[in-house]
Colleague: 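Sharing a structure with you now.
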Amino acid sequence: MEDPKRLEEGLGPKPLASNRDYNNNHQKKEEDANDEDHIRHEIEDRTPAGEQSVVETASLRPPERPKTKRVATLDAFRGLTVVLMILVDDAGGAYPRIDHSPWNGCTLADFVMPFFLFIVGVAIALALKKRPKVSAAVKRIIIRTLKLLFWGILLQGGYSHAPDDLAYGIDMKQIRWCGILQRIALVYLAVALIETFTTKLRPTALDPGHFSIFTAYRWQWIGGFIAFTIYMVTTYALYVPDWSFGVTHHHGRERYTVKCGMRGHLGPACNAVGYVDRAVWGINHLYSSPVWRRLKACTLSSPSDGPLRPDAPSWCRAPFEPEGLLSSVSAILSGTIGIHYGHVLIHFKGHSKRLKQWVSMALGLLAIAIVLHFTDAIPINKQLYSFSYVCFTAAAAGIVFSGFYILIDIWGLRTPFLIFEWIGMNAMLVFVMAAQGIFAAFINGWYYKNPDNSLVHWVQNHVFIDVWKSERLGTLLYVIFAEILFWGVVSGILHKLHIYWKL
């Protein structure tokens, strides 16, 4: 067999239950104080202990109905990430350039997971800033983690066949244990527990200096460094032996063997990330259609999906888990960087000070990623969740977050981004119903004569594809209008009715 390296190419808030408090009493006071109040965020449960944080005001006037202040930037960024997920999942087949990179490199789809983890980090910092009771907070964190794991396995473990297949159920010998929500659960658990257990070590005020925010939250960075060390040592030091797998064809089952016997390899066949998942979960429980099948080494249709080449190496047919265990350990660093941005939001009161911290951090991470990737030291790789990928995507998240902050929270241009904000407030609902195709599957269940004669298929074919005389363009327009815009409007209506799906 040829050397594999030569064959390579290139994942809820509560109803706006009013702040009852601080923002109303100090509205239109000093500019800095108003700025601080405007970015107070109420994510899902503001107090992990399940208790609402209420500041009562002593006033002789009759109490007025208070207004809720949220971080509109964070909601809009979360909504943008969900929109990107829907776009690349449902239009990526028609436009493979926006789909996941087959191996090294980064496309639009590759930003979705680290953006989610960045948002998780920011939200944790804001949700736990009130120094909650540790025992109650830990209980809440564990319960939420279990909920994420449950929904992740249910939606992506193979039980759901939405939206096209109207069947359901999975052979437990083939269930997929990993997935988007499972990775988010692991990162959330690690980052939130560190934040909770270090509440007594938090400063009430920062020391002077640009780097004081880093030393004030050193334990969060130590946790991220430990995750980084585990990942790097395992990736480059773990010996990967030869391995085999079976593939069922129409004529029977055939077994393939992949020759490895090496350490530190970053190609598809013999990397430590895949080896850890095969050893821990079992090869039958991994994702069965990895994106590396779109490599030129595997198909002549590259970068699109297509039939395998007759001379394709054996690993092209093998399963691989893109949200696996070792790569999820590396993903903890994405959450750590996100929580740093949340800490900046809490401690720095002026817009310019926040932006200086955020943008400088993003530019530093971007420089590291570019150097590592273009020197071939550590290529940017989503499937391996490489360190350069962490830096590059975190830099992008920081820049987009800063841009949204300028447009929405500083310049007040909130209206153009309302659809993102609404979707961000009901991100779990839209993720399940749209990104995972549950609503489309429900509609497809009501068909005429055969399953292809459903409302979803009729709208896609007759309203979009036939009208525009192009399957690619029709698919893109269907995703934009019949999925993204539709769920944006639904989310807006639900927001007006104070209806949210939270975990």
Side-chain angles (χ1 to χ4, degrees), residues 10-11 76-102 105-116 155-156 161-165 180 289-291 293-295 299 301-307 322 382 393 396 400 403-404 416-424 426-427 429-444 447 451-492:
L11 122 339
F77 189 28
R78 186 190 294 110
L80 172 66
T81 306
V82 175
V83 165
L84 285 180
M85 171 176 279
I86 297 171
L87 179 66
V88 298
D89 282 354
D90 296 345
Y95 294 88
R97 294 294 180 182
I98 69 173
D99 203 353
H100 290 291
S101 174
C106 191
T107 64
L108 187 62
D110 295 321
F111 288 104
V112 173
M113 173 57 75
F115 277 18
F116 272 129
L155 293 170
Q156 293 193 305
H161 299 255
D164 296 324
D165 193 345
I180 295 170
S289 302
V291 294
R293 294 187 178 188
R294 295 192 284 109
L295 286 168
T299 178
S301 303
S302 179
S304 300
D305 201 2
K382 190 266 179 187
T393 53
V400 174
F404 269 21
F417 303 98
L418 274 178
I419 188 170
F420 294 143
E421 192 175 338
W422 290 338
I423 291 175
N426 243 320
L429 175 70
V430 180
F431 172 81
V432 172
M433 293 297 178
Q436 296 303 306
I438 300 301
F439 182 76
F442 172 77
I443 300 298
N444 284 339
Y447 58 85
D452 290 333
N453 287 330
S454 71
L455 180 62
V456 171
H457 292 98
W458 189 90
V459 169
Q460 186 171 6
N461 291 326
H462 296 285
V463 177
F464 291 97
I465 294 177
D466 290 350
V467 169
W468 294 94
K469 307 300 182 183
S470 169
E471 185 173 356
R472 296 181 75 221
L473 180 59
T475 299
L476 177 63
L477 293 176
Y478 171 81
V479 172
I480 293 174
F481 290 99
E483 294 186 4
I484 295 173
L485 184 60
F486 171 79
W487 283 105
V489 173
V490 170
S491 298

Colleague: On a heavy-atom basis, which atom in S491 and which in W487 lie closest, and how many Å separate them?
Modeller: OG-O, 2.7 Å
Colleague: Between NZ of K382 and NE2 of H100, what distance do you get to the nearest 0.5 Å?
Modeller: 5.0 Å
Colleague: Tell me, yes or no, whether the heavy-atom count around F486 atom CZ, taken from other residues, nucleotides or ligands under 6.0 Å, exceeds 12.
Modeller: yes
Colleague: Between I484 and V479, does a side-chain contact (heavy atoms from CB on, under 4.5 Å) hold up when you go through it step by step?
Modeller: CA-CA 6 Å; I484 295 173; V479 172; 4.2 Å; yes
Colleague: Could you pull out the closest heavy-atom pair between M85 and V112, with the gap in Å?
Modeller: CE-CG1, 3.7 Å
Colleague: Calculate, to the nearest 0.5 Å, the distance between atoms CD1 and CZ belonging to I438 and F431 respectively.
Modeller: 9.5 Å
Colleague: Drop me the distance from Q460's CD to L477's CG, to the nearest 0.5 angstrom.
Modeller: 11.0 Å
Colleague: For a 4.5 angstrom cut-off between non-hydrogen side-chain atoms, does N426 reach V490?
Modeller: no
Colleague: Do E483 and V456 touch side chain to side chain, with heavy atoms closer than 4.5 Å?
Modeller: no
Colleague: Return the minimal non-hydrogen interatomic distance between P96 and G93, and the atom names on each side.
Modeller: CD-O, 4.2 Å
Colleague: State, to 0.1 Å, how close Y478 and V459 come at their nearest heavy-atom pair, and which atoms those are.
Modeller: CE1-CG1, 4.2 Å
Colleague: Please find the pair of heavy atoms, one from D110 and one from C106, that lie closest to each other, and give the distance.
Modeller: OD2-CA, 3.5 Å
Colleague: Parallel, tilted or perpendicular, judged at 30° and 60°: which one describes the rings of F77 and F404?
Modeller: perpendicular
Colleague: Where do V467 and V463 land on the side-chain contact (heavy atoms from CB on, under 4.5 Å) test, with the steps shown first?
Modeller: CA-CA 6 Å; V467 169; V463 177; 5.5 Å; no
Colleague: Apply side-chain contact (heavy atoms from CB on, under 4.5 Å) to residues L476 and L87 and explain how you reach the verdict.
Modeller: CA-CA 8 Å; L476 177 63; L87 179 66; 3.7 Å; yes
Colleague: Could you give the distance from CD (Q436) to CD1 (I86), rounded to the nearest 0.5 Å?
Modeller: 10.0 Å
Colleague: Under 3.5 Å, is there a donor-acceptor pair between the side chain of T107 and the main chain of D99?
Modeller: yes
Colleague: Can you tell me how far the CG atom of N461 sits from the OG1 atom of T475, to the nearest 0.5 Å?
Modeller: 8.5 Å
Colleague: With rounding to the nearest 0.5 Å, note down the distance linking CZ in F111 to OG1 in T393.
Modeller: 7.5 Å
Colleague: For the pair R294 (side chain) and P303 (backbone), establish whether a donor and an acceptor sit closer than 3.5 Å, ignoring hydrogens and angles.
Modeller: yes
Colleague: Using side-chain heavy atoms (C-beta onward) and a distance below 4.5 Å, is F417 in contact with E421?
Modeller: no
Colleague: Locate the shortest heavy-atom distance separating N444 from S454; write the atom from each residue and the value.
Modeller: OD1-OG, 2.7 Å
Colleague: Could you tell me if the side chain of V82 sits less than 4.5 Å from the side chain of F116, heavy atoms only?
Modeller: yes
Colleague: Does T299 use its side chain to pair, donor to acceptor, with the backbone of P307 at less than 3.5 Å?
Modeller: yes
